[in-house]
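Taking it in order: structure first as structure tokens, then the write-up.
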Amino acid sequence: MTQANDNFLKLQRNYLFRDIADKVKAFQTSHPEAHIISLGIGDVTQPLAPAVIQAMHKAVEEMGHEETFRGYGPEQGYEFLRQAIVDGDFRPRGIEMDIDEVFVSDGAKSDTGNIGDILSSDSTVGVTDPIYPVYIDSNVMSGRAGALTPQGLWNRITYMPCTAANDFTPEIPDHKVDIIYLCYPNNPTGTVISRQQLQQWVDYARRWGSLIMYDAAYEAYIQDPEIPHSIYEIEGAKECAIEFHSYSKTAGFTGTRCGYTIVPKALKAYSDGQPVSLNQLWTRRQSTKYNGTSYITQRGAAATYTPEGRAQIQETIQYYMTNARLMLQTLAKAGFTTYGGHDAPYIWLKTPDGVGSWQFFETLLHQAHLVSTPGVGFGPSGEGYIRLTAFGKRQDCEEAMKRIIRL
Ligand SMILES: *Cc1c(COP(=O)(O)O)cnc(C)c1O
């Protein structure tokens, strides 16, 4: 009999979005006249930029002619895109990067989920709480998480609570954790990390020989010029961090699929006390298990670095951030305490009078016909909060805010 990977059986079913959908459906059935608006969606709503569409059309045309047809591309991505990334995302911030340190992918979910392949399954893991579930679940699958405690936490994972009490700044562990996941601007809390705080993490990682997995999926939403966009803006980060980027939220590629990961050549892990290049291991991993992002998609991604492309994706980002501002203003006027929403498309709202996340979710659904995401669904420290997203259409956002005021 073939044995299954038992680690998969340890996974908790992720009921969050199904439970939300069930509750919304039940409410709609009993209140067919209600116009329900979702502020819970984690997907973008605005179409791809014209410059991206144009580049993809051109690439499609090339694929239809023998002289310009492309078959398998380089697993690591085409040079035109890797060069555009180095020149567009790093050099302007004073970061030198070799194109061989850039790995184009089909998005940050795959890479944050797969990166553990190149690290020992004995490594210990640290995560912020609340958290994007991929970081934990992928480590459960590889056996790094250990066993589930009665409190619903994994016994080999170090949880770093992020709440209003610590200003959403995770406390740096006082012991060695091999792999630390950080996501800034943060999903779900919408909060950011300062240069000084990020420096402390880099110092910690270098002191203990830890590896930081830095998820920068929302860096394009940063408005405050003091906030770092990349961990490599920090001295010493190339020796201790892998960074994940995505065109999903930056340029509306959630359905088109493209991202990239930086694995610096200076980054080392150890085997029998000998240093091993993680860049080489990731190259080997990708060339074995990945055959490259489609040419058409990579042309689309490269178009986001042209002057027109840049201006167009900025316009869309500003559209979402205008939604966020509108929401923050209304919520403040209505007396709610909120966090995030200034440098990220997420608002983390403290439930009034300390009611539970799910209870406040129900209140919003029943009394204002609004859908939110209960914070506790992202981890125990999310209890007492709900997440609202700014990815909606303006009209819906405005209507939703009128209802909040009436509430
Ligand atoms: C949306 C999101 C991503 C991007 O995922 P893709 O696979 O690139 O679409 C990565 N990290 C976080 C925290 C996200 O919310």
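Excluded from the calculations below are hydrogen atoms, water molecules and symmetry mates; all remaining heavy atoms, backbone and side chain alike, are included.
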Could you work out, with salt bridge (charged side-chain N to carboxylate O under 4.0 Å, His left out) as the rule, every residue matching [X], not counting sequence neighbours?
| X | value |
| --- | --- |
| Glu362 | Lys23 |
| Asp87 | Arg91 |
| Lys350 | none |

Non-neighbouring partners of [X] that pass side chain to side chain donor-acceptor pair (under 3.5 Å), sequence neighbours left out:
| X | answer |
| --- | --- |
| Arg310 | none |
| Asp167 | none |
| Ser210 | none |
| Asp89 | Tyr260, Tyr305 |

Contact list for [range], test salt bridge (Lys or Arg N to Asp or Glu O under 4.0 Å), sequence neighbours left out:
| range | result |
| --- | --- |
| residues 277-287 | Asp117-Arg285 |
| residues 39-66 | Lys58-Glu62 |
| residues 243-261 | none |
| residues 175-200 | Lys176-Asp178, Arg195-Glu233 |

* Going from CD1 on Ile172 to CZ on Arg207, what distance comes out if it is rounded to the nearest 0.5 angstrom? ->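 One gets 10.0 Å once the value is rounded to the nearest 0.5 Å.
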
Could you go through residues 337-344 and list every donor-acceptor pair under 3.5 Å that involves a side-chain atom there, pairing it with any protein atom two or more places apart or in another chain?
{"unit_1": "Asp343", "atom_1": "OD1", "unit_2": "Gln223", "atom_2": "N", "d": "2.7"}
{"unit_1": "Asp343", "atom_1": "OD1", "unit_2": "Asp224", "atom_2": "N", "d": "2.9"}

